[in-house]
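Remarks on the structure that follows.
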Amino acid sequence: MSDRYEPGAFEATWREKWRRADLFKTREEAGAQKFYGMDFFPYPSGAGLSVGHCRNFVPTDVICRMKLMQGFNVLHPMGFDAFGLPAENEAIKQKTHPGPMIDRYADTYRRQMELVGISYDWSRSFKSCEPSYYRWTQWIFELLYRKGLAYQKNAAVNWDPIDKTVLADEEIVGGRAERSGALVEKKFIPQWFFKITDYAQRLLDDLDDLDWPDGIKNQQRNWIGRSEGVEFELRIQSETPTAKPKIIDLAADPETLVSPLAALTFRVFTTRIDTIFGMTFCVLAPEHPLVENLQVSEERRIAIKTYQEQARALSDTDRQVENREKTGVFTGAYAINPANGKPVPIWLADYVLATYGTGAIMAVPGHDDRDFAFAKKFDIAVIPVISPSEGATELNAWFKENESKLSKAEHQENGISYLSPFSTLFVPLPFVAKDGVLVNSGEYSGQTVAEAQAALGTWIEALGIGQRKVQYKLRDWLISRQRYWGCPIPIIHTKDGDLQLVPESQLPVELPMVENYEPSGDGTSPLAHIPNFVNATDNDGRLGRRETDTMGGFACSSWYFLRFCNPHNFDRPWDPELVNQWMPVDCYVGGAEHAVMHLLYARFWTKVLFDEGLVNVKEPFKRLENQGQVLGHTPYRYPKEGEQLDMGQEGILISFKEAETLPESEIFYRWARMSKSKGNVVTPDDAVATYGADALRMYLLFVAPFNADVQWANEGMSGQVRFLSKIFRMVEEYQPLYSAQWRDLIPFTEIDDRARKVRRLTHQTIKNCTQDIERFSFNTYVSWLMKFVNGLQDLGIASATTNELSPGTALAFSEAVETLILLLGPGAPHSSDELWSSLGKEGFTVNIPWPQFDSELAADDTVTLAVQVNGKLRDTFEIAVGLSNQEYEDAAKSREKIVHHLEGKAIRKVIVVPGKLVNLVVG
RNA sequence: GCCCGGGUGGCGGAAUGGUAGACGCAGCGGACUUAAAAUCCGUUGACCUCAAGGUCGUGCGGGUUCGAGUCCCGCCCCGGGCACCA
């Protein structure tokens with residue numbers, strides 16, 4: 001063996017030995033505990049892996065390898081998320097078929113993962129585009145359909161004109177398609193949805209018990225967007241416009257009551273029912289169906305139509321511009337505020353969304369920012385009904401006195417400025433805080449917001465015009481894609497326009513292998529233009545039409561973790577016994593960008609499958625960890641005069657080659673996510689060739705906390721080369737004195753002070769390494785190993801061969817060397833095996849039991865006691881552990897330096913933290 | 001605007017309310033060497049001081065505590081997510 005880390009000499013050899021020994025085939029020993037460790041399902045891109053990807057799966061590998069050594073049955077699989085837009089787009093660009101292309105790319109991924117020594121059980125691998133897999137994706141689709149959780153409806157959807165497909169809300173960022181960057185357009189076509197909204201509450205509730213990063217849990221909570229409120233009905237009165245709208249007293253006007261218009265109603269949802277007395281207008285979304293039924297003058301009808309068309313033409317981006325000026329149009333109709341019987345105008349405005357709640361709101365400009373902005377622009381009354389509790393009484397009195405002045409007409413003349421007389425009594429409007437008291441609200445005046453919400457909710461329910469309701473922002477999951485490269489939806493449209501499921505026995509509906517699969521661009525899938533595919537016989541033997549949309553890739557990744565438990569089952573998606581044996585995934589590792597897509601969908605499917613009794617877990621991923629990104633040093637140049645920059649860019653991306661040719665004043669560097677297009681990718685191939693796989697692994701672990709971003713520097717790996725070399729040298733030098741029998745001999749050998757220190761260090765290191773791997777603190781895991789090596793050197797292991805060692809010390813060093821090699825195993829498995837064999841041992845360290853720490857051996861017999869005077873550190877000294885508080889106190893007081901600080905002062909208080917610190921409070 | 005993270009030496013970062021800066025990188029000084037590489041030893045937060053020693057120091061301002069990087073209140077800055085969701 002060499003006295004340094006020479007990866008070229010042994011790493012590939014060990015990987016070959018692991019492969020031949022089938023070392024990572026999943027062990028399923030009866031009686032052993034299980035550990036399911038998994039990385040996110042990767043899409044194998046043509047660029048291959050970068051060291052950034054390794055940052056994900058090296059740590060997972062470390063924890064899986066430790067669990068293997070601890071005797072767990074470990075399931076550590078890897079497969080490929082092969083269906084979907086990225087693969088199809090890439091294949092179109094390359095003028096090839098996505099199937100074979102993905103196979104090639106996946107092979108590259110696998111080769112690179114093996115190069116880094118990841119312990120995947122490849123016998124369980126699959127790609128989501130294989131019929132043997134997607135057969136069961138379709139099977140689950142059918143299950144959802146039968147349960148009423150999959151449905152088709154004509155919907156306004158997000159249309160990506162570049163990728164020529166429909167996209168889910170989640171795939172749109174700032175009005176642009178996340179993938180293609182295209183401005184998303186609106187399109188009305190029939191779409192398939194999964195009814196995830198039925199599970200909103202459970203998806204929210206069950207987050208509480210998950211061991212996930214708080215950030216991800218919060219993102220999911222926000223995405224689900226639960227809010228509690230009241231939904232109630234408003235009656236409408238249409239009327240022809242007059243110069244000044246007259247106020248209609250419904251009760252006093254029998255005509256309005258018999259008029260068919262009087263029966264017109266619409267519903268609104270509010271979370272602030274306590275502000276109902278302050279409702280001064282209502283707003284309908286432009287798309288609200290009621291608008292067509294309003295009887296209004298021709299003039300108004302035209303204005304309304306114009307506004308509706310404007311709103312429809314508006315792209316989502318335009319509509320979502322920050323602080324956009326409010327727009328709207330008065331419908332000419334009035335609704336009756338049920339709280340006080342007063343009519344309020346009904347407006348149309350696009351700040352109310354058709355897709356949330358009822359698509360209509362009661363507007364309370366006094367206590368809502370948006371309503372206030374709208375009221376201000378269109379000069380609508382603003383009536384305060386909530387006040388900070390101080391001053392509420394005076395305010396109420398003022399309202400009582402001035403009630404007559406508060407008519408609508410009066411207000412319109414005075415704008416909102418009429419509030420100024422009591423501005424001293426009132427905070428500026430809109431007052432949106434909830435810690436206030438009702439004013440100007442009839443019998444509810446004086447109640448707190450919370451009290452009034454309860455009372456008014458009850459009142460609405462008793463009146464029979466509404467009820468308390470919970471609303472969610474979560475929308476149903478849009479699953480269909482008008483594209484070729486995806487899992488076909490197993491549905492046949494019959495002649496009569498009915499939908500039928502393809503019988504289970506006929507699954508999978510296979511994707512036809514065709515040459516031309518490019519998007520048709522007409523809003524239909526390319527599959528619609530393949531007669532052999534489209535023409536199908538329905539279940540009654542008649543000619544029907546096959547559904548030609550395919551499922552988005554998130555369907556495939558919503559259950560793959562179940563298939564890994566039983567990947568080659570031909571008859572069933574999985575054997576429940578096997579799935580229940582392995583599930584849930586104990587540790588799931590991947591990027592934070594999937595917070596509200598994949599992770600929410602997979603949870604939804606798992607719950608549906610749980611309800612069906614097909615799995616016995618309600619949640620798929622017990623623990624989730626997000627790795628930080630690896631950023632590459634990326635050169636840019638400043639723009640030349642007149643040159644256009646992309647949004648948010650400060651310069652123009654250039655290659656490293658180009659950067660070398662330009663003067664320093666014209667270029668600058670930024671840290672950017674590694675990507676092929678930025679040319680800043682460091683591949684594992686390069687890193688392994690130059691520094692070695694173990695050096696790469698150790699550097700990835702050590703460079704930063706697991707979830708923090710990393711600024712990549714190749715030089716960092718040379719530090720790990722140095723550290724590993726140090727270990728090789730140490731083991732090489734100690735090898736002649738190594739005794740494999742240390743465990744048996746130590747009990748019969750005298751352990752001197754030095755031996756005790758060696759053993760203490762060894763056992764403390766075992767404890768710390770085990771704990772830190774468990775809690776994903778890999779950087780400190782590596783640093784404990786470094787301290788271990790440094791410590792053994794300080795204890796003279798290097799001079800062991802030249803100096804006489806006591807038998808006990810020699811055995812203690814043998815234990816230490818062996819332990820070091822085993823603790824190193826998860827991080828640097830090649831080196832671990834190489835060192836292990838250099839001690840004359842057979843086999844692989846991954847099969848050797850993980851070292852056990854002995855708390856007695858790990859315990860210190862002396863401590864460094866810190867002595868503070870008035871909280872300031874004044875002295876430290878070594879003292880035995882296990883003394884009484886009094887003994888520590890006395891020892892501290894007798895220290896020379898301390899005596900000096902105590903001179904002439906009285907000790908008022910003494911705090912003793914046993915074995916740590918004594919704080920003397922003097923005055 | 002709302003919701004999450006985060007702010008510690010020249011750099012990456014450590015630190016269950018108890019000795020701030022572990023471990024490493026980079027630097028500096030030295031040993032070995034004809035020389036270099038490799039390796040080893042020492043040193044490295046700032047300031048005051050010949051020294052012993054002392055003062056300050058974890059984004060800013062307050063507070064709780066015998067004791068605060070850590071807890072509380074109020075801000076500032078950076079990163080991420082959501083956003084006219086009633």
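Order of the sequence lines fixes the chain letters, A, B, ..., with proteins taken first and strands second; residue numbering starts at 1 for each chain.
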Fill in: For B:rU70, the Watson-Crick or wobble partner whose two distances fall under 3.5 Å
none

Worksheet item: Does A:S227 make a side-chain N or O approach to OP1 or OP2 of B:rA86 shorter than 4.0 Å?
Response: yes

Worksheet item: Within the pair A:R874 and B:rG54, is there a side-chain N or O less than 4.0 Å away from OP1 or OP2?
Response: yes

Item to complete: Assign each of A:G719 and A:T780 to its nearest nucleotide of RNA chain B by heavy atoms, then name whichever residue's nucleotide is nearer the 5' end.
Response: A:T780

Practice prompt. In whole angstrom, give the distance that lies between atom CG of A:L700 and atom P of B:rG12.
Written response: 18 Å

Discussion item. Pairing check on B:rC2: which nucleotide meets the Watson-Crick or G-U wobble criteria with it, both distances under 3.5 Å?
Written reply: B:rG81

Worksheet, complete the sentence: Of the listed B:rG24, B:rC66, B:rC84, the closest approach to the A:V921 side chain comes from B:rC66

Worksheet entry | Whole-Å distance separating the CH2 atom of A:W223 from the P atom of B:rC2 | 20 Å

Practice prompt. Taking only the side-chain nitrogens and oxygens of A:Y351, find out if one of them lies under 4.0 Å from OP1 or OP2 of B:rA86.
Written response: no

Discussion item. Strictly by Watson-Crick or wobble contacts shorter than 3.5 Å, is anything paired with B:rG42, and which nucleotide is it?
Written reply: B:rC28

Worksheet entry | Those residues of residues 863-872 of chain A lying under 4.0 Å from RNA chain B by at least one heavy atom | A:T864, A:A866, A:Q868, A:K872

Practice prompt. Figure out the CG/P separation between A:D214 and B:rG81, and round it to whole Å.
Written response: 18 Å

Discussion item. Both distances below 3.5 Å, Watson-Crick or wobble geometry, any strand: find the nucleotide opposite B:rA36.
Written reply: none

Discussion item. Tell me whether the side-chain N/O atoms of A:K787 come closer than 4.0 Å to OP1 or OP2 in B:rC23.
Written reply: no

Response to the item:
Atom CG of A:L785 and atom P of B:rC23 are separated, to the nearest Å, by 14 Å

Worksheet item: Are OP1 or OP2 of B:rG54 and a side-chain N or O of A:H900 less than 4.0 angstrom apart?
Response: no

Worksheet item: Is any side-chain N or O of A:R729 closer than 4.0 Å to OP1 or OP2 of B:rA38?
Response: no

Fill in: Atom C1', compared across B:rA20 and B:rG30: separation rounded to whole Å
30 Å

Discussion item. Taking pairing as Watson-Crick or G-U wobble with both contacts under 3.5 Å, can you name the mate of B:rC47, or confirm there isn't one?
Written reply: B:rG54

Worksheet item: Taking all non-hydrogen atoms of both residues, which atom of A:I386 and which atom of A:T275 are closest, and how far apart?
Response: CG1-CG2, 4.0 Å

Worksheet item: Does a donor on one side chain sit under 3.5 Å from an acceptor on the other, for A:N919 and A:K909?
Response: no

Worksheet entry | Gap between atoms CZ and C1', on A:R324 and B:rG1 respectively (whole Å) | 17 Å

Item to complete: Could you tell me the separation between the OH atom of A:Y356 and the C1' atom of B:rA83, rounded to a whole number of Å?
Response: 13 Å

Item to complete: Please state whether the phosphate of B:rA26, meaning OP1 or OP2, lies under 4.0 angstrom from any side-chain nitrogen or oxygen of A:R722.
Response: yes

Worksheet item: Between A:Y472 and A:T197, is any side-chain donor less than 3.5 angstrom from a side-chain acceptor?
Response: no

Fill in: Nearest non-hydrogen partners of A:I797 and A:M730, listed with the distance
CG2-CE, 3.8 Å

Discussion item. Can you measure A:F723 atom CZ to B:rU39 atom C1' for me and round it to whole angstrom units?
Written reply: 16 Å

Worksheet item: Between A:H598 and A:F40, what is the ring plane arrangement, given parallel below 30°, perpendicular above 60°, and tilted in between?
Response: perpendicular

Discussion item. Looking at A:K326 and B:rC84, is any side-chain donor or acceptor paired with a base atom of the opposite kind under 3.5 Å?
Written reply: yes

Discussion item. Please tell me if A:N779 has a side-chain N or O lying less than 4.0 Å from either OP1 or OP2 of B:rA14.
Written reply: yes

Worksheet item: Taking for each residue the nucleotide of RNA chain B bearing the nearest heavy atom, is the 5' side occupied by A:L917 or by A:N218?
Response: A:N218

Item to complete: Measure centre to centre between the rings of A:F374 and A:F281, then say whether the value is under 6.0 Å.
Response: yes

Discussion item. Is it the case that atom CZ in A:R4 sees more than 12 heavy atoms from other parts of the structure closer than 6.0 Å?
Written reply: no

